[in-house]
Enquirer: 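After the structure tokens below, expect a handful of questions from me.
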Amino acid sequence: MRLIANLLKTFLAPKARSFEEETKDPIKAQRAILLEFLKRNKDTVYGREHSFGSIDSVEEYQRRIPITDYAAFHPYVDRLASGEKNILTKDSPLLFGTTSGTTGTPKFIPVTRYSREKKKEVMNLWLYFILRDHPRILDGKILAVVSPEIESCTTCGLPCGAETGHAYKNFPYMVKRLYVLPYSVFEIKDYNSKYYCILRVAMEQDVATIATMNPSTIVLLCQKIDDFRDALIADIERGVLRDDIDIGPDARNDIERNLRTNTSEERRVGQEFRSAWSPELLKKKEISI
């Protein structure tokens, strides 16, 4: 796995060096990015309304563009969702990323091919620096928990869903081969069945990294270990996936073909799990969840 990390670092190093050079003058770099975006989108509905084409400085941008919230953009997003083009960006949306809705109803964020390329650049930088600073991060498997890329569609048929799901499906192959979970697990609708499957697969893997957008997901996984303890132990010891959980055939097939067979090793793992995650130890707080 260290070879994979070194290959990835070598491939990503030129962009990382360029980024580090730009951090020596962040104001200059940010100004260039702002003016690039304004020029690119000056002929959109929103760009014309706010005279993007005549803005040539940060100060002018601050004078022209009001500080606002999502509600002000909602009418523009509705027009995009109905199929109109060139409203907020010159690039047509490929999908709408949805927020979690923790502060109100979920918000719909237009995602374009251009924005995905920009996000890919950022993710590659993140990957380079985490490999540089934590070289053992790929010494085991990656347990990433994301939301589905497509959860619904707009009136004109554009998909709506999570950008985390898209990123999961589009990381470099050398990273994806280290995933613990097949993508189909995230498409399981039933909440408890999804988390059961995540734990069933992950608990017999050598996990080196846990990745999630919200740290509360890790706490929840620990709580679900306690909830599912006996069923998980039984499945691990028998080398199966229980047949009474609410999942579709695709997810079941993806999971079952990667399960370990029922061997003495699996029985040992189950016995260790039974001992380490016993109610008695949890009650004594010798294991913290």
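Count residues from 1 along the sequence. It should be emphasised that the depicted structure is a prediction, and the values quoted were computed from it without experimental measurement.
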Enquirer: Group every Ile, Leu, Val, Met, Phe, Trp and Tyr by side-chain heavy-atom contacts under 4.5 Å, then state whether Leu38 and Ile33 land in the same group.
Expert: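 No, no single cluster joins them.
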Enquirer: Please check if the number of heavy atoms outside Met213 that lie under 6.0 Å from its CE is greater than 12.
Expert: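 Counting other residues, nucleotides and ligands, CE of Met213 stays at 12 neighbours or fewer.
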Enquirer: Quick one: do the Ser184 and Asp254 side chains pair a donor with an acceptor below 3.5 Å?
Expert: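 On atom types as modelled, these side chains qualify, holding a pair under 3.5 Å.
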Enquirer: Check the side chains of Asn41 and Tyr114 for a donor-acceptor pair under 3.5 angstrom, ignoring hydrogens and angles.
Expert: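 On atom types as modelled, these side chains do not qualify, holding no pair under 3.5 Å.
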Enquirer: Given the rule in the side-chain contact (heavy atoms from CB on, under 4.5 Å) test, do Leu95 and Glu163 qualify, once you have shown the distances and angles that lead to the verdict?
Expert: CA-CA 9 Å; Leu95 65 82; Glu163 271 287 271; 4.3 Å; yes
Enquirer: From the options Lys118, Arg31, Lys42, select the one residue that forms a salt bridge (charged side-chain N to carboxylate O under 4.0 Å, His left out) with Glu36.
Expert: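 Per the salt bridge (charged side-chain N to carboxylate O under 4.0 Å, His left out) rule, the option paired with Glu36 is Lys118, out of Lys118, Arg31, Lys42.
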Enquirer: Side-chain heavy atoms under 4.5 angstrom apart, residues restricted to Ile, Leu, Val, Met, Phe, Trp, Tyr: same cluster for Ile65 and Val45?
Expert: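 Same cluster.
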Enquirer: Classify the ring geometry of Tyr191 against Tyr195: parallel below 30°, tilted from 30° to 60°, perpendicular beyond 60°.
Expert: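 Tyr191 and Tyr195: tilted rings.
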Enquirer: Between Arg200 and Glu204, is there a side-chain N and carboxylate O pair less than 4.0 Å apart?
Expert: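 So Arg200 pairs with Glu204 through a salt bridge.
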Enquirer: Parallel, tilted or perpendicular: which fits the ring planes of Tyr168 and Tyr183, with parallel below 30° and perpendicular above 60°?
Expert: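 Rings of Tyr168 and Tyr183: tilted, 30 to 60°.
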Enquirer: Answer with yes or no whether the hydrophobic clustering places Phe108 together with Val111; edges join I, L, V, M, F, W, Y residues whose side-chain heavy atoms lie under 4.5 Å apart.
Expert: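 Hydrophobic grouping puts Phe108 apart from Val111.
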Enquirer: Taking everything shown except Phe11 itself, do over 12 heavy atoms lie less than 6.0 Å from its CZ?
Expert: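 Incorrect, the count does not exceed 12.
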Enquirer: So, are Arg63 and Glu60 salt-bridged, with charged N and O less than 4.0 Å apart?
Expert: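 Salt bridge between Arg63 and Glu60, a charged N being under 4.0 Å from a carboxylate O: yes.
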Enquirer: Under 3.5 Å, is there a donor-acceptor pair between the Asn214 and Ser216 side chains?
Expert: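 Distance-only check passes for Asn214 and Ser216.
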Enquirer: Would you say the side-chain atoms of Lys194 pair up with the backbone N or O of Val185, donor to acceptor, closer than 3.5 Å?
Expert: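 No: the side chain of Lys194 does not pair with the backbone of Val185.
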Enquirer: Mark yes when over 12 heavy atoms from residues, nucleotides or ligands other than Phe37 sit less than 6.0 Å from its CZ; otherwise mark no.
Expert: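 Yes.
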Enquirer: Is the shortest side-chain heavy-atom distance between Val146 and His166 below 4.5 Å?
Expert: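 Of all side-chain heavy-atom pairs linking His166 with Val146, none is under 4.5 Å.
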Enquirer: So with a 6.0 Å cut-off around NZ of Lys176, is the heavy-atom count from everything else above 12?
Expert: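 Yes - once you tally the heavy atoms of other residues, nucleotides and ligands closer than 6.0 Å, there are more than 12.
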